[in-house]
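In what follows, a single structure is set out as structure tokens and then discussed.
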4 protein chains.
Amino acid sequence: MDPESQPIAVQAEPVGKGAAILKAAVAVFSLRGYHASTVADVAKEAGVATGTIYNYFERKEDLLIELFHRYSERYLVLQTAGLDSEKPGQEQLSGFVRRHFEVFGEERGVARVFHVHWREVQPLIRQGILPSLRSFFAAMDRVVEEGIQAGEFDPDLSPRLARQLISGALDEVVISWALSENNRALVDSAAPLSRMLEKALRS
Amino acid sequence: MDPESQPIAVQAEPVGKGAAILKAAVAVFSLRGYHASTVADVAKEAGVATGTIYNYFERKEDLLIELFHRYSERYLVLQTAGLDSEKPGQEQLSGFVRRHFEVFGEERGVARVFHVHWREVQPLIRQGILPSLRSFFAAMDRVVEEGIQAGEFDPDLSPRLARQLISGALDEVVISWALSENNRALVDSAAPLSRMLEKALRS
Amino acid sequence: MDPESQPIAVQAEPVGKGAAILKAAVAVFSLRGYHASTVADVAKEAGVATGTIYNYFERKEDLLIELFHRYSERYLVLQTAGLDSEKPGQEQLSGFVRRHFEVFGEERGVARVFHVHWREVQPLIRQGILPSLRSFFAAMDRVVEEGIQAGEFDPDLSPRLARQLISGALDEVVISWALSENNRALVDSAAPLSRMLEKALRS
Amino acid sequence: MDPESQPIAVQAEPVGKGAAILKAAVAVFSLRGYHASTVADVAKEAGVATGTIYNYFERKEDLLIELFHRYSERYLVLQTAGLDSEKPGQEQLSGFVRRHFEVFGEERGVARVFHVHWREVQPLIRQGILPSLRSFFAAMDRVVEEGIQAGEFDPDLSPRLARQLISGALDEVVISWALSENNRALVDSAAPLSRMLEKALRS
DNA sequence: GATGAATGAGCATTCATTCAT
DNA sequence: GATGAATGAATGCTCATTCAT
């Protein structure tokens, strides 16, 4: 997925049965939602027996949690690398938005699962997902803060509110795309959205 | 609830057992989430027998759906009245944001239930909730469109994207507040958020 | 069951669905043993739905525990009343043995369930059953101690060991009878066993 | 195993993986009980893979059955040799009791497993265990019968009941010790218990 | 309308057993 | 023989929904 880190690697797909099960979980959860999906559904989709799931995940909840873990990690690596190579302010912001849409635009299923479930309130799930959420937010905080420090963004902004603006907007655009059937590329929204966000934040 | 929009209305509280049950549903769902709540929980909270719920609602799902219906209707009436009395563009926008935060800031429970569940994907629920969602969006679309027509907002904006920016930002601010324990008043975020949104949209 | 306390009562059988379920549990557990019995088996035997069991008992384990509770209570009342009216020593001892065999001889099923399961080591069950076991032992301790005090039993006896002798012997005789198919009356063993026990204990 | 064939034998421990697995089974079953123990638990304790168990035992039940087999065989050899060298009646009885307590007092784990599980009613287990039980009883029957024939025990005794008295008493004393945590030596109960039993049986 | 006991389908999870390596 | 991942039947328990009172 990350062309730079696996320039030679043949397998773009992470292997291992655990990964295959998570992939199946994405397929199933994205269709029916976590709560309406059964472990048996996931097993069937993964082509394994029900019990096999429990060789890799302790609880049904862990399917969702682990899924957040893995994808958010990949996401973070990508965003961090991008931001590191960009100038604070407008350049980082538009890069961030573009990458966000690229990542989630790649797989509608993943986008659906993430955006539908990250407000999950069941304690076990919420606790498991929180670290992932925080890492998303941290990346956006960085964009805001470095942009302010660089003098590109309004120093009077509430950083929290600015981050909520960005995260809310991205969230809404992605879920709207993810739940629709249209074939528009998600990334096409990157430029116009960036433009609005920049205007909102600039000094 | 809003003394200005119901200057004559005597009953601030909608009465009737149906309304009482919905109120209980808010309390229960906001605490545990819809999926982890049982009909018996709601009944207990409402002080009625389980079976009584089914005299007022056909299915558990209808509790959530009806809840969206009623609250979104009140919301719509309020917003529409407000927008009708305001000048398109910046004035409508900031009025809209303020009212949004006022409404949801009133009851954390309602805010939680709405913002946690409006991405519900179970078909029955989704179908039932969609009209409410659409009416929310319609109100925001109006703000954007009238603002553009009035020449206050950038005519090159994608109205869809502009609406998603607004709705996403409001959404994020509200849920962040609703899920936290802090005692900050939600409406305090209205002015600074409005300012950012105005900058984002203006020509 | 106790003719004196219900001189008029027509129903010797305690009613209520809870009691009926316990009765079914005795039938099922005595046949297959607790571990090989399913809650569905008990429900079927009781003529109710599986879920109904859980309206009366929180867990499968509680079926066994409650069963011990109720029967041991009845047992205790009976033995205590008997001992109160008997002279310490030989008279109490033979009365005790006779009543023990009468009670368990009444229902082979109950005898089987008790004697097969009171060594259960699963913590939840063990904890639940212990009070019943202790009350059985306490009754036997009384026989030994009052017999010693009355000068009928050897004062050099270890009371603990004497009690273990009695309880072990009763236990073995009952379970041997309960697990066999023979139609001998259990109470027929009372007199000869009492004689041996008296000889063992007397000064 | 056979004291006569290894009077000097160094290895008190039977070797071989099968024996090691049984030893592990004792450790596991004595802690959690047979039903709450898994084959995987036993494998782990034995330091082998789960599948390996099945190279030595066909079914989980066979672990318990085989365990009874082996230990009761050793027990029988020991008791038989002892009884052969003792005078019928009081001498055999007290020897028997002493050896019984010595054997089970050696390993609390074995004592626990035996005394907790020999009332197991699941057909497969019961059938497998019965021969062991019968051999225990046969040894006690011998003590009673030879004691009667020798004129030491009351000829009017019911041999069955006398055996049940002995077996029940031993059983109770052992399990009480096995389930407790106290550090008393089991064999200390041998003499006082023998005395009571002798009084119970003598003419 | 109100009640709450009864229902039974549904599901997460366990675990004895198998078998390819 | 040894391994331990894979299997899938089995089961305790939950809970939306019904209905007799």
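Nothing here was measured: the structure is a model prediction, and the numbers come from that model. Proteins get letters first, then strands, A, B, ... in listed order; numbering begins at 1 in each. Just the heavy atoms: all of them, side chains too, but no hydrogens, waters or symmetry mates, feed the values below.
Atoms CZ (A:Phe57) and P (F:dA5) sit 14 Å apart, rounded to a whole Å. Atom CG in A:Leu63 sits roughly 14 Å away from atom C1' in E:dC11 (whole-Å rounding). With rounding to whole Å, C:Ile53 atom CD1 is found 15 Å from F:dT14 atom C1'.
A donor-acceptor contact closer than 3.5 angstrom is absent between the side chains of D:Asn55 and D:Thr52.
A:Gln122 has its side chain within reach of A:His35: a pair of non-hydrogen atoms, C-beta onward, lies under 4.5 Å apart.
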When every nucleotide of nucleotides 12-21 of chain E is labelled 5' to 3' by its protein contacts under 4.0 Å (heavy atoms), B for base, S for sugar-phosphate only, - for none, what sequence of letters results?
SBBSSBB---
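Side-chain N/O atoms of B:Lys17 include one lying less than 4.0 angstrom from OP1 or OP2 on E:dA2.
Across the strands present, F:dG4 finds its partner in E:dC19; the criterion is a Watson-Crick or G-U wobble pair with both atom distances under 3.5 angstrom.
Not a single donor-acceptor pair under 3.5 Å links the side chain of B:Arg126 to the backbone N or O of B:Val121. The closest donor-acceptor contact from the side chain of C:His117 to the backbone of C:Tyr34 lies under 3.5 Å.
Checked against E:dG1, F:dA6, F:dG4, the side chain of B:Tyr56 finds its nearest nucleotide in E:dG1.
With rounding to the nearest 0.5 Å, the separation of CZ in B:Phe57 from CG in B:Asp62 is 8.0 Å.
Taking the six-membered ring for Trp and thresholds of 30 and 60 degrees, A:Trp118 and A:Phe114 have ring planes more than 60 degrees apart, a perpendicular arrangement.
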